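Below, read A as the first sequence line, B as the second, and so on, with proteins coming before strands; counting in each chain starts at 1. What you see is a predicted model; the values in this text were computed from it and never measured.
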There are 2 protein chains.
Amino acid sequence: MVMNESQLDQIFGALSDATRRGMLAQLALGEANISALAAPYDISQPAASKHLRVLERAGLIHRRREGRDHYIGVNPAAVERAQNWIAYYSQFWKQQFDAVDDFLKKRKGE
Amino acid sequence: MVMNESQLDQIFGALSDATRRGMLAQLALGEANISALAAPYDISQPAASKHLRVLERAGLIHRRREGRDHYIGVNPAAVERAQNWIAYYSQFWKQQFDAVDDFLKKRKGE
DNA sequence: TTCATTCATAACCATATGGTTATCTATTTT
DNA sequence: AAAATAGATAACCATATGGTTATGAATGAA
């Protein structure tokens, strides 16, 4: 579980906003340019630009320029870091939760 | 994938700080009181108290009072929400990533 | 009863975040 | 060449975040 802590800060921080999560969700359908990603939200163009910079800084997306369009795609590896952190600890959390649960069930059965 | 968006905001937001992630990691060993959770960090007692309130508001932990001690434990269900969000979309992200990867490998083989 | 410990709360400070409008560059379209 | 489109950047604003010190309440130990 060796991992750059500050990058995890940025990854989770980037995921903590519904607009950015929505953009990532949209990118599950494939690459999109910034206008397309901004369209579903009632925000200004610079606001969308800022959100994408946050996602980019966290390493969650990459950007490919084609003329005046910037095409955005997801970096699954970065998302996986967050997923791994949660998965690693949730083993232990669930385990100890289940232990308490078992104890309560057994006591109820007496 | 119906899920309270603002709670996801809070869950991911709570996970975006290394101190709070450290506290959750420590809780993998079992319940602990606030002093024990604060001990590894060079922060004041009120700072630790604030971090725990953030985790609590996100539903990631629960608190049980015993005399002057507040014992903290993890709520695995809340963590699972974050995990599920990532797991759901990462299918698609990886899938499209693999498709590009295959394409590049095939082209290289020509 | 007095002292120590655990924790919460209030007030404050610096910085980050999420939004805006205005303006600029670069590229495409007409 | 002129107009439209895609984006970036700067300057600004309100609020949130993460930290501090000071203080108070409640419980436990001497």
Can you give me the closest heavy-atom contact between A:Leu24 and B:Trp93, atom names plus distance? O-NE1, 3.0 Å

What is the distance, rounded to the nearest whole Å, between atom CD1 of B:Ile72 and atom P of C:dC7? 8 Å

Spacing between B:Tyr71 atom OH and D:dT27 atom P, to the nearest angstrom: 15 Å

With the side chain of B:Arg68 defined as its heavy atoms from C-beta on, choose the nearest nucleotide among D:dA6, D:dT27, C:dC7. D:dT27

Option passing side chain to side chain contact (heavy atoms under 4.5 Å, CB included) with A:Leu60 (candidates A:Leu27, A:Leu55, A:Ile72): A:Leu55

Examine distances only and state if a side-chain atom of A:Asp69 and a backbone atom of A:Tyr71 form a donor-acceptor pair shorter than 3.5 Å. no

Rounded to the nearest angstrom, tell me the gap between atom CZ in A:Arg65 and atom P in D:dA6. 14 Å

Using whole Å, what does the distance between atom P of nucleotide D:dG18 and atom CZ of A:Phe12 come to? 14 Å

d(CD1, B:Ile61; C1', C:dC7) in whole Å: 14 Å

On DNA chain C, nearest-nucleotide positions of B:His70 versus A:Gly13: which is more 5'? B:His70

Between A:Ala14 and A:Ala58, what is the shortest heavy-atom contact and its length? CB-CB, 4.0 Å

Specify the separation, in whole Å, of atom CZ of B:Arg64 and atom C1' of D:dT27. 16 Å

Kindly give the heavy-atom pair with the smallest separation between A:Ser16 and A:Arg20, and that separation in Å. OG-NH2, 4.3 Å

Check the phosphate of D:dG18 against B:Arg20, side-chain N and O only, distance under 4.0 Å to OP1 or OP2. Yes or no? yes

Atom CD of B:Glu66 to atom P of D:dG28: distance rounded to whole Å? 9 Å

Donor-acceptor under 3.5 Å (B:Ser49 side chain, B:Gln45 main chain): no

Just wondering, do B:His62 and B:Glu56 contact through their side chains at under 4.5 Å, heavy atoms? no

Can you tell me how far C1' of C:dA4 sits from CG of B:Asp69, to the nearest Å? 13 Å

May I ask you to verify if any side-chain N or O of B:Arg63 is less than 4.0 angstrom from the OP1 or OP2 atom of C:dA8? yes

List in numerical order all residues of residues 30-55 of chain B for which some heavy atom is under 4.0 Å away from an atom belonging to DNA chain C. B:Asn33, B:Ile34, B:Ser35, B:Gln45, B:Pro46, B:Ser49

